[in-house]
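Because only heavy atoms are used, hydrogens play no part in the values below, and waters and symmetry mates are left out as well, while side chains stay in. Order of appearance sets the numbers: ligands from 1, and atoms from 1 within every ligand. It should be emphasised that the depicted structure is a prediction, and the values quoted were computed from it without experimental measurement.
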Amino acid sequence: MRHAFRYVLDVYHRLPGGETATEFFQLERGRSRTLVLTDALLALSPIERELLEAEAEARWDLVEHAWTEESAVVMSGRSPTYEEASGELVLVPWRHQTRVSLTRLRPALSGYQKGHCFYCYQPVDMTSGEACHVDHVFPWVLGYRLPDVDLNAVWNLVLSCETCNAGPGGKADAIPARRFLERLHRRNSYLIDSHHPLQAALMRDTGSTAKTRWAFLTSMEAFALEQRTKRWDGRAEHPPVF
Ligand SMILES: [Zn+2]
């Protein structure tokens with residue numbers, strides 16, 4: 001419980017640029033360390049509550065694994081990678097070693113997207129594998145020419161509606177327009193600045209400052225275009241929600 005207060009509860013209300021105005025609980029410190037839930041938690045809609053619970057669960061999973069000594073060592077050198085068959089984020093420490101399952105990917109990303117498609121902002125059922133696709137912003141096929149970049153890592157993954165990902169005129173194996181790369185950059189910086197458990201992995205994979213991370217994304221964009229990867233302009237968007 002000591003760790004919970006330090007790593008999860010203390011930063012729960014923290015957002016980039018300050019604390020959230022709504023407090024879902026208050027911590028009363030002292031010897032008994034009491035947690036008091038506030039009425040704001042009851043005011044959430046059922047969908048918001050479901051997303052909040054799912055994301056909190058995913059954060060717990062990640063933090064719990066980071067606490068075990070073995071994973072801490074492993075995580076210092078490798079980033080979690082997405083395994084499509086299981087829908088999970090896993091650590092594969094070294095070749096031929098047993099993978100460590102960390103958490104399901106969708107709940108880990110759905111909180112930021114507030115139940116909406118990353119590209120068109122259409123509401124999506126984040127619990128459905130059919131409705132909610134995991135999209136590689138830089139298409140997975142580019143990975144063959146980029147042995148040092150893990151395109152299955154969280155920095156490159158977003159949740160998308162079926163139409164944007166795989167429908168007629170959907171993104172498929174293209175790279176998205178520049179505005180989507182800016183959106184991805186904001187998302188990654190948000191996770192880093194809100195002390196998400198994947199903060200270290202995101203920074204290791206893409207850069208420790210916002211400037212280096214943007215330089216990384218634009219160098220990836222240049223590389224993809226050099227490889228004649230198609231560009232996808234997106235489709236009509238609903239009002240932005242993140
Ligand atoms: Zn969409």
Side-chain angles (χ1 to χ4, degrees), residues 15-16 44-55 57-58 81-89 103-143 150-192 194 196 198 202 205-206 213-214 216-218 220-221 224-225 227-242:
L15 298 171
L44 291 172
S45 73
I47 290 174
E48 284 174 325
R49 209 174 305 158
E50 198 178 311
L51 286 174
L52 182 71
E53 280 173 14
E55 203 214 347
E57 193 72 31
T81 193
Y82 174 56
E83 188 182 73
E84 195 166 5
S86 63
E88 290 179 338
L89 271 181
T103 189
R104 289 182 302 122
L105 177 73
R106 282 183 183 80
L109 295 181
S110 63
Y112 177 78
Q113 293 186 213
K114 300 187 176 76
H116 293 73
C117 171
F118 181 80
Y119 296 107
C120 72
Y121 296 121
Q122 177 183 297
V124 179
D125 177 1
M126 295 279 173
T127 61
S128 156
E130 275 170 34
C132 173
H133 288 217
V134 173
D135 182 67
H136 295 75
V137 176
F138 288 95
W140 187 76
V141 290
L142 279 175
D150 185 2
L151 296 175
N152 277 316
V154 167
W155 71 266
N156 188 44
L157 302 173
V158 297
L159 303 177
S160 151
C161 73
E162 189 180 10
T163 312
C164 284
N165 181 251
K171 176 176 164 293
D173 280 344
I175 63 162
R178 181 53 87 86
R179 71 180 188 281
F180 296 118
L181 298 184
E182 288 165 356
R183 204 176 286 175
L184 178 69
H185 177 60
R186 275 202 307 278
R187 195 281 309 265
N188 289 343
S189 289
Y190 177 90
L191 293 180
I192 288 167
S194 65
H196 193 277
L198 291 170
L202 284 162
D205 288 343
T206 62
R213 289 193 293 276
W214 180 242
F216 169 76
L217 287 185
T218 49
M220 285 291 299
E221 177 190 41
L225 294 173
Q227 305 298 315
R228 300 173 191 223
T229 308
K230 279 192 202 144
R231 190 130 219 186
W232 180 67
D233 280 332
R235 49 194 206 102
E237 292 178 25
H238 296 259
V241 287
F242 52 85

**Q** Relative to the ring of Trp232, is the ring of Tyr119 parallel (under 30°), tilted (30 to 60°) or perpendicular (over 60°)?
**A**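 Aromatic pair Tyr119/Trp232 classed perpendicular.
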**Q** Please state whether the rings of Tyr112 and Tyr190 are parallel, tilted or perpendicular, taking 30° and 60° as the class boundaries.
**A**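 Geometry flag for Tyr190 against Tyr112: tilted rings.
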**Q** Does atom CD (Glu182) have a neighbourhood of more than 12 heavy atoms from anything else shown, all under 6.0 Å?
**A**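 Above 12, so yes.
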**Q** Any idea which heavy atoms bring Asn152 and Trp140 closest together, and the distance?
**A**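 What the structure gives for the nearest pair is ND2-NE1, 3.2 Å.
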**Q** Quick one: give me the number of protein N/O/S atoms under 2.8 Å from the Zn ion (ligand 1).
**A**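 Under the 2.8 Å cut-off, the count stands at 4.
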**Q** Does Arg104 have more than 12 heavy atoms from other residues, nucleotides or ligands lying within 6.0 Å of its CZ?
**A**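 Result for CZ/Arg104: open.
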**Q** Is Glu221 paired with Arg231 through a side-chain N to carboxylate O contact shorter than 4.0 Å?
**A**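 Answer for the salt bridge query: yes.
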